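Working notes, beginning with the structure itself.
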Amino acid sequence: MTYRELYEYGVEALKRADIAEAELDARLLLEYVCRTDRNALLVHGERVRSPIEEEFYKIAIDKRRQHIPLQHITGEQEFMGLVFWVNEHTLIPRQDTEILVEEAMRYLGDGMRILDVCTGSGCILLSLLKYSNECEGIGIDISGEALLVARENARRLCLDAVFLCGDLLEPLAGFVSDKTSDRLFDIVISNPPYIPSGVIPTLMPEVKDHEPPAALDGMEDGLYFYRKIAQKAPLYMRSSGLLFFEIGYDQAEAVSGILRENGFGKIEVVKDYAGLDRVIKAELG
Ligand code: GLN
């Protein structure tokens, strides 16, 4: 089959399976299989592809028909202009989360110490390290499988970061003995799971059936992880250290309250490109 015939096969198959962006996904999968870019369809559409490419493409389309996320088929997602490896053990980096990273970058200075809680693929911490100088970063996740992905991402991006396995800030216990320690963090950042448990069954199949439930589920009211992190983070932050959270569109007020109760002030809410509350910044002390 020619390149264009394969593309048309893919679009048709994905449309029949009710995949929302059939054209886009068919093209991206074809580019992934044939190692081409978007020009190929215009310029080389009549070129006959090899039987192995045809077979591989049909397998990829078949996976996508089953609502397996595109990024789990290609194994990658771009974030902050960098390519991250992802799999079923990590949340797929979202464009909205770039707002969180960009906001933290406005305050990030050379040589600072950064803590990323619930690091997943490591996309937040590694982007911050990539775009700064001499910073030190620690990422924590409860999933050892996610940390394998984060460590591989650090290797591919030639970055040094320490990834620790454990529940929220637990692996840091004993790490800082007093508040004068030079190991305190300047910046704590997190995009924790924040979807209320009851909402998860209503999400699209790509998310609810294929992304790790533990990366989505913020327990009954969606705020569980904000409470836990806001309670523990001050132990490991220098005074006037900054904390950045990604939040759900309707969580700004509740999360601001949680932060105030735990000794944070100068709370600011930042909106995403859709005009929805997306990021909270707070200062300790
Ligand atoms: N920090 C990771 C990300 O933003 C994982 C977040 C999560 O698992 N909730 O992609």
Side-chain angles (χ1 to χ4, degrees), residues 69-72 75-105 114-131 137-154 156-157 159 161-171 185 187-197 199-200 203 206-219 221-230 233 243-249 251 255 270 272 278-281:
L70 184 87
Q71 296 87 341
H72 286 178
E76 59 186 45
Q77 170 65 41
E78 199 188 297
F79 180 82
M80 294 300 295
L82 306 169
V83 176
F84 287 88
W85 174 41
V86 294
N87 64 20
E88 69 277 17
H89 301 297
T90 55
L91 195 77
I92 298 166
R94 306 293 207 265
Q95 235 179 353
D96 289 329
T97 305
E98 294 187 342
I99 315 258
L100 173 71
V101 174
E102 284 163 4
E103 196 52 31
M105 272 168 56
I114 312 163
L115 174 66
D116 177 16
V117 188
C118 306
T119 195
S121 63
C123 64
I124 296 172
L125 180 67
L126 296 172
S127 302
L128 290 173
L129 292 177
K130 188 76 187 177
Y131 297 118
I138 295 188
I140 302 178
D141 205 283
I142 198 162
S143 159
E145 282 131 334
L147 290 177
L148 290 178
V149 176
R151 290 192 184 111
E152 172 61 12
N153 280 321
R156 291 185 189 185
L157 293 164
L159 292 167
V162 175
F163 289 105
L164 304 175
C165 192
D167 191 11
L168 300 171
L169 288 90
E170 212 170 64
F185 293 98
I187 288 186
V188 174
I189 190 163
S190 183
N191 174 25
Y194 58 71
I195 301 172
S197 307
V199 173
I200 293 184
L203 302 175
E206 278 79 350
V207 180
K208 75 171 155 70
D209 300 336
H210 295 282
E211 294 207 76
L216 302 168
D217 193 339
M219 310 288 175
D221 61 1
L223 302 171
Y224 175 86
F225 293 97
Y226 299 116
R227 288 194 195 94
K228 291 280 175 191
I229 298 169
L243 182 139
F244 297 86
F245 276 144
E246 178 171 323
I247 54 165
Y249 71 96
Q251 294 174 330
V255 176
V270 182
D272 61 21
R278 181 59 65 187
V279 169
I280 279 205
K281 170 192 160 251

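Computed from a predicted model, the values in this text were never measured in an experiment. We're numbering straight along the sequence, starting at 1. In listed order, ligands and their atoms are each counted from 1.
The nearest protein atom to atom 2 (C) of ligand 1, hydrogens excluded, is given as T119 O, 3.4 Å; this is a heavy-atom distance. For atom 7 (C) of ligand 1, the nearest protein heavy atom (residue, atom name, distance) is N191 O, 3.4 Å. In this structure, atom 8 (O) of ligand 1 lies nearest to the protein heavy atom A215 CB, 3.2 Å. Summary of contacts: the protein heavy atom closest to atom 1 (N) of ligand 1 is C118 O, 2.9 Å. Nearest protein heavy-atom contact of atom 10 (O) of ligand 1 is C123 SG, 3.4 Å.
Note: Y194 and Y226 have parallel aromatic rings, judged against thresholds of 30 and 60 degrees for the angle between ring planes.
Among all heavy-atom pairs drawn from V117 and V188, the shortest one is CG2-CG1, 4.2 Å.
For E102, the CD atom is densely surrounded, since the number of other residues' heavy atoms within 6.0 Å is greater than 12.
For the side-chain hydrogen bond (donor to acceptor under 3.5 Å, both in side chains) condition, the pairs that include at least one residue of residues 142-152, sequence neighbours left out, are E152-R155, E152-R156.
The distance from ligand 1 to the heavy atoms of P192 drops below 4.0 Å at these ligand atoms: 9 (N).
Contacts between A146 and ligand 1 below 4.0 angstrom, taking non-hydrogen atoms only, are absent altogether. When heavy-atom distances to ligand 1 are checked against a 4.0 Å cut-off, I124 comes that close only through its side chain, counted from C-beta outward.
In this structure, CD in Q251 is found 8.5 Å from CG in D221, a value given to the nearest 0.5 Å. Rounded to the nearest 0.5 angstrom, I124 CD1 and T119 OG1 are separated by 7.0 Å.
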